[in-house]
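So you know, we letter chains A, B, ... as the sequences are listed, proteins then strands, and number each from 1.
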Amino acid sequence: MLRVENLKKYFPVQKSALEVLLSRRRDFIRAVDGVSFEMKRGEVLSLVGESGCGKTTTGRIIVGLERPTGGKIYFKDREISSLSEEEQRKMKKYIQMVFQDPYASLNPRMKVGEHLVESLTIHGIAGNEEAKEIAMSMLDRVGLPGEQFYNRMPYQLSGGQRQRVAIARAMILKPEFVVADEPVSMIDVSLRAAILDLLMSFKEEYNLSMLFITHDLSVARIVGDRIAVMYLGKIMEMGKTREVIHNPKHPYTAALLSSVPSFLKKERRVEIIGDIANPIDIPSGCRYHPRCPFAREKCKKEEPELVCEEHSFACHFPLEGGF
Amino acid sequence: MLLDIENLTTIFRTRRGVVRAVDNVSISIKKGEFVSIVGESGCGKSTLAHSVMKLIDHPGEILGGKITFDGLDLLSLSDEEMRKIRGDKIGMVFQNPMTSLDPLEKVGDQISETIMEHMNVTKKEAWQMAREMLEKVGLQPERVDSYPHQLSGGQRQRVMIAMAISLNPKLLIADEPTTALDVIVQEKIMDFLEDMKREGRAVILITHDFALAAERSDRIAVMYAGWLVEMGDAEALTNDPLHPYTKGLIQSVPDVWMDKEIKPLPGFPPDLINPPEGCRFRPRCPNASEMCMREPPEVEVDGRVVKCWLYG
Ligand SMILES: Nc1ncnc2c1ncn2[C@@H]1O[C@H](COP(=O)(O)OP(=O)(O)OP(=O)(O)O)[C@@H](O)[C@H]1O
Ligand SMILES: Nc1ncnc2c1ncn2[C@@H]1O[C@H](COP(=O)(O)OP(=O)(O)O)[C@@H](O)[C@H]1O
Ligand code: SF4
Ligand code: SF4
Ligand SMILES: [Mg+2]
Ligand SMILES: [Mg+2]
């Protein structure tokens, strides 16, 4: 369905004119620094990691909101950047995104229903009249009865209701691939389960593949078939959800797991040292080594490869024993 | 008791009517205790905290009840006296760190100004204390020279905490201090709050993350639609919730280590201008009966406070 190869995104660092003159060197934020993965039809991959590790940027590149600095994306075995503009536009219909902030993702001057109609007409799927009908039934489907909600403005909706509109807007195009960027992190806890249910019901209905971005591993546990753990622009560990949660190999995964609040008492804890490194100045060798309690000499010099197997991880000294 | 909130009622007079944001709530906290207040958004958690700080402005009003802190009757204090308590004795971390820091002032200036307002120290001493505070919350002391926009969300939140504890308060109230942050930063902040507790201070954590409250607190108070619906020992309350709302909340959240069936809570919290008659949870409650058309009493069951007819 989707294959991503060695994806990279470097953002140039904003500097004052003087700094540019003096340093001559251009600095880059390496937001995504060589990410590769594959997803099957109907599969959900959770992309987890702490703030600033490059999750959103990865998602934005895949849906075409950001141009990659390097790497290739294949959608149904066709490389996206090699397609003609016309073909790329067509493909966009099949790849949709649901954003983290339901307050920023809707147009404050547009009625709820118009968001959905616009989505349909832009892609030439339906004329105005028909689009309105489809929009009404879509609103019903996401639990916002069209009769009541079509004419409302975004400011009249709660965060959870806005997120339903955003989901409706993405799903009305019957996409095959969806990037959901922390779709519930800004929503009240008690409403999260219902929003997740809604997303998952679309996933079943359309046999969607979904890249589900979250920093909450407890959410990843219930939504994803597989988990990919990202740190400073690279995937550190990837595998089946349960396998990664109960038998993490990478010290970073283990540290993330140790810090998730849980109703159960933690039996094992793995520490993490200090704050996330600066993505302008990525550490040598294993990029996690300054924060890793198990780092040895080798880790500072050699970058571990992500061994590609069913459960893959990039670490010279993987953990044993599980959680 | 360090803090004793008795029958507190705080309202907002809006154009549409009176919002009873906190309705007859009683909670008390000992020294060295960590208490979490949980509940959905809009159920009155922040209003309760602001009431303790006497930071309820027009159109809000503390309508009734008594707040005793360290032997002082807070509601009878003058603004001047209250200003000394705030920061000095009770520190508060507000829900939105970006709006509560001044974007044009260095972090160090903001912390040292707070210190100088309350303590008789020189600018230099205050600046030195600001550095120490930042170190305490896990930031580099050099951050005194940073402006808020140069910090990440987690770092700003830690600056807010540094400010709140700079005067060594006996009680710290943290209103959703980590909601927007990732789990690793959250853990650091929570470890820090627990250290405060170990030093014999009291901590009130306001959160909507039940697992977080369960993990960190001694006691949990659950609020719904302005009411305190259940309160008790954190472990007992999480393992065996009594109130149908507490049960529903716990069932609606996933857990990283457990396979459990996740059930969304049906419906929404009520409009507090026009709450349902009788029990306010009635329209969403799977156990509602005829009796629930009347307001349930607050009763004590096994050392736990529960406001529900199932136990009344
Ligand atoms: N347009 C941009 N210009 C410059 N830097 C950027 C830009 N977008 C992202 N970055 C930087 O790239 C890195 C990765 O950002 P990204 O938003 O992908 O992180 P994330 O993993 O989604 O984090 P969060 O959990 O906070 O959403 C960060 O250091 C960020 O500051
Ligand atoms: N300044 C205000 N004016 C009017 N209503 C308010 C104000 N502040 C809070 N409220 C109302 O009081 C209730 C409780 O709000 P709040 O204490 O912020 O809840 P929580 O912190 O639990 O999310 C809500 O119905 C909210 O809309
Ligand atoms: S390679 Fe070394 S530093 Fe990196 S995660 Fe593994 S043990 Fe830690
Ligand atoms: S009083 Fe009745 S409606 Fe309210 S929580 Fe108890 S059983 Fe449910
Ligand atoms: Mg993001
Ligand atoms: Mg609040």
If I measure from the heavy atoms of chain B, does A:Ser158 come under 4.5 Å with its side chain, its backbone, both, or neither? neither
Can you tell me which portion of A:Leu217 sits under 4.5 Å from chain B's heavy atoms? Options are side chain, backbone, both or neither. both
Angle between ring planes, B:Tyr245 versus B:His243, binned at 30° and 60°: parallel, tilted or perpendicular? perpendicular
Under 6.0 Å between ring centres, would you say that holds for A:His250 and A:Tyr288? yes
Is the Lys NZ or Arg CZ of A:Arg141 less than 6.0 Å from the centre of A:Phe202's six-membered ring, within 45° of the axis? yes
Return the orientation label for the A:Phe28 and A:Tyr10 ring planes: parallel under 30°, perpendicular over 60°, tilted otherwise. tilted
N-O pairing of A:Asp197 and B:Lys263 below 4.0 Å: no
Where on B:Leu212 is there a heavy atom nearer than 4.5 Å to chain A: the side chain, the backbone, both, or neither? both
Could you have a look at B:Asp259, B:Leu265, B:Leu139 and say which one has the most heavy-atom pairs with chain A under 4.5 angstrom? B:Asp259
Top contributor to chain B interface from A:Ile276, A:Val219, A:Leu196, A:Leu257 [non-hydrogen pairs under 4.5 Å]: A:Leu257
Looking at B:Arg219 and B:Glu33, does any basic side-chain N land under 4.0 Å from a carboxylate oxygen? yes
Taking every heavy-atom pair that is under 4.5 Å apart, which of A:Ser185, A:Ala193, A:Ser218, A:Gly159 has the most such pairs with chain B? A:Ser218
Side chain, backbone, both or neither: which part of A:Leu191 has a non-hydrogen atom closer than 4.5 Å to chain B? side chain
Inspect the surroundings of CD in B:Glu194 and state if more than 12 heavy atoms from other residues, nucleotides or ligands are less than 6.0 Å away. yes
Residue selection (most heavy-atom pairs with chain B, distance under 4.5 Å) from A:Ala255, A:Gly274, A:Ser262, A:Ala194: A:Ser262
Go through B:Met190, B:Gln251, B:Arg158, B:Lys260 and name the one with the most non-hydrogen pairs under 4.5 angstrom from chain A. B:Arg158
Check whether B:Phe210 gets within reach of chain A through its side chain, its backbone, both or neither, counting any heavy atom under 4.5 Å. both
